[in-house]
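Some notes on the structure that comes next.
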Amino acid sequence: MAAAAAAAAASPSWQPQEQGFKEICGLLEQQISHSSSADKAQIWQHLQHYSHLPDFNNYLAFIFSRAEGKSVEVRQAAGLYLKNNLRSMYNTMQPAYQQYVKSELLPCLGAADKHIRSTTGTIVSVVVQIGGVAGWPELLHALVNCLDSNDLNHMEGAMDALSKICEDIPQYLDSDVPGLAERPINIFLPRLFRFFQSPHASLRKLSLGSVNQYIMLMPSALYVSMDQYLQGLFILANDSAAEVRKLVCAAFVQLIEVRPSFLEPHLRNVIEYMLQVNKDTDDEVALEACEFWSAYCDAQLPPENLREFLPRLIPVLLSNMAYADDDESLIEAEEDGSQPDRDQDLKPRFHVSRFHGSDEVEEDDDDVVNTWNLRKCSAAALDILSNVFGDEILPTLMPIVEAKLSACGDDAWKDREAAVLALGAIGEGCINGLYPHLLEIVAFLIPLLDDKFPLIRSISCWTLSRFSKFIVQGTGHPKGYEQFDNVLMGLLRRILDDNKRVQEAACSAFATLEEEAAEELAPRLEIILKHLMTAFGKYQRRNLRIVYDAIGTLAEAVGGELNQPVYLDILMPPLIEKWQQLSNSDKDLFPLLECFTSIAHALGTGFAQFAEPVFRRCINIIQTQQYAKADPVSAGVPYDKEFVVCSLDLLSGLAEGLGSGIESLVAQCSLRDLLLHCCVDDASDVRQSAFALLGDLARVCPVHLHPRLSEFLEAAAKQLEISKVKEAISVANNACWAIGELAVKVRQEISPIVLTVISCLVPILQHAEGLNKSLIENSAITLGRLAWVCPDLVSPHMEHFMQSWCTALSMIRDDVEKEDAFRGLCTMVKANPTGGLNSLVYMCKAIASWHEIRSEDLHSEVCQVLLGYKQMLRNGAWDQCMSALEPPVKEKLSKYQV
């Protein structure tokens, strides 16, 4: 008690007024009372009124630490209120009042009541976050004294505060503090290790949790005590408290991720231990242990260390893959499909802005329910093990899977379900070993689509989707086609299931199958559309999003096949009806806008009959949002940039689909000015989509951009400055592409910005290693297009960039954009042949990268360039250049008559 008494004696002289004390206590009592008569909003206002008093926080600190006659709830409420206030206003408080609050907190570290101690720890951590360790030297002394006191309340209170500091701001304790001979972590670490062996579980848990926070930072104090730390972990490994065992597992998982070398000497023991706790009776401990297997594989440690454990590990993972009795999915699976979704059932969605280029952004499969649990973690571990060990795991795994699949009776449904999940989990890693049996496996799964248990129906959808590549490959022979058709019809049946979980799984699985099957779907288009549009009329809000995705994926898969009246009559009326029902500020519009983008793209000019209202609405949405950004009150809607991004992307889809057919729509509206606004928006995803649309419009109706051309070019060029490229590479990529598209349309008028753009593109090409492939390709193409339209401006500088530019050109696949770039190359060489001499070998490699140049005039220009250099280089210099090329390159060049 000495520490607390000394701190109390040092309290400054501020004293509360009786009146203020009573009123604030009264308000806090009402605030926490459960009676409905108290008007919480009014009490809140009263408290806010008090919070303007300079010493309000002193009252709260006094009530929290000294109001002995008041209930713990009132004191705790004062403490939490104090914490929030300090977070926002600590730095503006008078130093004497800061000191008063701090001095009142220290005695509470050892308070008799656990809740008061815990709230003290929370407030202390906030003060340290704001004022630093150096700002409160008395705290370190008080913590050390309490930790060394042997009084449980004091030890627990100090440990609680310390653990919160370690969790929130661990780096503060691993920094030099003026006036201290060593860093605070060096003072605390030996005491934390000592508590690993405390008889009190609470102290073991808090001390281990605190040390674990330093694995990532690895201060030298921990680095040099690693053996002691590992010894402590092994001692705690079989602790009677589940929370401690969970922290031991967490420590091993983090160590294998960031410092595997420390565990290497003990690896067998650690794996053996993890295998044992993976079966722990406490699910949270088992879950933490289960994370180890994925972490081990991700750390790319030698697989052989794990190999001998697989026959014991795989059965554990499989038994943990069965649904737990309290899994929330079991409750959700009972939910009636006709029940409307509540707002909280709708997960946030993320629209991926339009990206012009070759890098497809990989989207993660969205698991049906977001909670991470032992079942999902075990399935993820099996998936990653199957990718590391491949078919080696099948002899252990398949007999268990087969046994579970053949388990009969209603009570064994969870085992059957887990076996189907396991087949899906290994569907990628063990595909070679499964291949000879896939016809049978798929044939076995199809009837499970009609199982009486909804969660077996839903998992069968997912597992079938994992084999969709194989199912589609088989369509070449009659038996395979029949199986593809059975899967297709089975999934369509499940799309119309009454159960929401099954609807969701079936729709997602069907979208995966569509991507693989593409034009194979054409003969079944009518029946597919009828099912999807029936689902569209039947689903509640959450699953509607997945139907939109399935419709959009279908449009992308079958393309122009969709462009027939019989299909459009099924597809479009329900979508248009929904489009008319939703307001311009309804977020349910996002997936519909995305869906229309895919349809417009697929139908091409066939979308013309629907285009005008869709185009107009996109313009209105962007306009409304720009007003809302400036003044949400008078716009009547809050600003949400996602409306702008989705609308810009749909306009891009229209421009790409309709081609020059969009010209009359653009002519009648203010799109140009709206688009320019978006090109200079502060949000990168708005700029990204804006430059994609700029490039699309440049292709089909550049005349309408003309009046503000210089502003568009300036905005685009700004995105290519190196600082901007680093901060938003996708924006730079689209802006670069748009400049190139504008260049080939407006020709000489691009000249004012040519040198600015070239000076940005050259460093991008010269430092290509660290940047994404698309940006390099677009930079090379745009540079070539600028050289083609303004050779006199670009060619004097060509020796600065020829090598890196030709290297980039040789990576690009044959297409129209590559043709433009080579037209630039030829035009530039004609203007300044000596500028290319030193890079001739690179130029030859770039020319040899063509599979074939389809354009006859470009082919003959390339021939002339090579011939020109051959005539220029006399006395064996040409042959010397040719001898530097690999034989396949030389052979390719023979097409060009040299």
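One is the number of the first residue; the rest follow in order along the sequence.
Remark: side-chain polar atoms of Arg117 are not paired, donor with acceptor, to backbone N or O of Asp160 under 3.5 angstrom. Put simply, the side chain of Ser118 never gets that close to the backbone of His115: no donor and acceptor are under 3.5 Å apart. Under a 3.5 Å cut-off, the side chain of Arg204 and the backbone N or O of Pro199 do form a donor-acceptor pair. Judged purely by atom type and a 3.5 angstrom limit, Ser386 uses its side chain to pair as donor or acceptor with the backbone of Asp383. For Asn320 (side chain) and Asn278 (main-chain N/O), a donor-acceptor pair under 3.5 Å exists by modelled atom type. With hydrogens and angles disregarded, a donor-acceptor distance shorter than 3.5 Å links the side chain of Ser71 to the backbone of Val74. In this structure, the side chain of Ser103 engages the main chain of Gln99 through a donor-acceptor pair within 3.5 Å. A donor-acceptor contact shorter than 3.5 Å links the side chain of Thr120 to the backbone of Ile116.
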Applying side-chain hydrogen bond (donor to acceptor under 3.5 Å, both in side chains) to Tyr296 and Asn305, what does each step give before you reach the verdict?
CA-CA 10 Å; Tyr296 183 92; Asn305 296 330; 3.1 Å; yes
Using the rule given for ring pair (Phe, Tyr, Trp, His ring centres under 6.0 Å), can you reason through Tyr223 versus Tyr214, listing the C-alpha separation, both sets of side-chain angles and the distance that settles it, and then say yes or no?
CA-CA 10 Å; Tyr223 190 88; Tyr214 286 93; over 10 Å; no
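The residue from Phe64, Phe21, Trp14 that alone fulfils the ring pair (Phe, Tyr, Trp, His ring centres under 6.0 Å) condition with Tyr59 is Trp14. Of the residues Phe252, Tyr273, Phe196, the one that meets the ring pair (Phe, Tyr, Trp, His ring centres under 6.0 Å) test with Phe234 is Phe252. With respect to Leu86, the side-chain contact (heavy atoms from CB on, under 4.5 Å) criterion is satisfied by exactly one of Met93, Gln98, Gln129: Met93.
Side-chain contact between Pro16 and Asn58 is absent, with no heavy atoms from C-beta onward closer than 4.5 Å. Residues Ile271 and Leu313 have side chains not in contact (no heavy-atom distance under 4.5 Å, counting atoms from C-beta outward). Residues Lys102 and Leu139 fail the side-chain proximity criterion, which asks for heavy atoms closer than 4.5 Å. At a threshold of 4.5 Å between non-hydrogen side-chain atoms, the residues Asp168 and Ile165 do not count as touching. With a 4.5 Å cut-off on side-chain heavy atoms, Glu308 and Arg268 count as touching. Counting heavy atoms from C-beta outward, Val124 and Leu106 have side chains that stay 4.5 Å or more apart. Side-chain contact between Arg307 and Val388: absent, with no pair of heavy atoms (C-beta onward) separated by less than 4.5 Å. Between Leu162 and Arg191, every side-chain heavy-atom pair lies at or beyond the 4.5 Å cut-off.
Using a 4.0 Å cut-off between charged side-chain N and carboxylate O, Arg375 and Glu417 make a salt bridge. Ion pair Glu272/Arg312 flagged as a salt bridge, since at least one NZ, NE, NH1 or NH2 atom sits closer than 4.0 Å to an Asp/Glu carboxylate oxygen. A salt bridge links Asp174 with Arg183: the distance from a Lys NZ or Arg NE/NH1/NH2 to an Asp or Glu carboxylate oxygen falls below 4.0 Å. Comment: Asp325 engages Lys414 in a salt bridge, judged by a side-chain N to carboxylate O separation of less than 4.0 angstrom. Look at Lys587 and Asp640 and you find a salt bridge, because one of the NZ, NE, NH1 or NH2 atoms lies within 4.0 Å of a carboxylate O, short of that distance. A salt bridge does not link Glu288 with Lys246: every distance from a Lys NZ or Arg NE/NH1/NH2 to an Asp or Glu carboxylate oxygen is 4.0 Å or more. Ionic pairing of Arg194 and Asp148 is present here: one or more N-O contacts between side-chain nitrogen and carboxylate oxygen are shorter than 4.0 angstrom.
Here OG of Ser294 is found 7.0 Å from CG of Leu385. Values are rounded to the nearest 0.5 Å.
Within a 6.0 Å sphere centred on CD of Glu182, other residues, nucleotides and ligands contribute more than 12 heavy atoms. Other residues, nucleotides and ligands place more than 12 heavy atoms under 6.0 Å from the CD atom of Glu304. Within 6.0 Å of the CD atom in Glu284, the count of heavy atoms belonging to other residues, nucleotides or ligands does not exceed 12.
In plain terms, the two heavy atoms of Ala425 and Leu382 that are nearest each other are CB-CD2, 4.2 Å. A pairwise comparison of heavy atoms in Leu455 and Ser329 identifies CD1-O, 4.1 Å as the closest pair. When all heavy atoms of Ser149 and His154 are compared, the pair lying nearest together is OG-CB, 3.5 Å. Ala728 approaches Ser684 most closely through the heavy-atom pair CB-CB, 4.0 Å. Nearest heavy-atom pair across Cys166 and Ser210 is SG-CB, 3.9 Å. Closest non-hydrogen pair, Tyr97 versus Pro54, comes out as CD1-O, 3.5 Å.
A donor atom on one side chain and an acceptor atom on the other are found under 3.5 Å apart for Asn212 and Tyr229.
Aromatic pair Phe195/Phe188: centroids not less than 6.0 angstrom apart.
When the ring-ring contact (aromatic ring centres under 6.0 Å, His included) test is applied to Tyr172, no partner is found at least two apart in sequence or on another chain.
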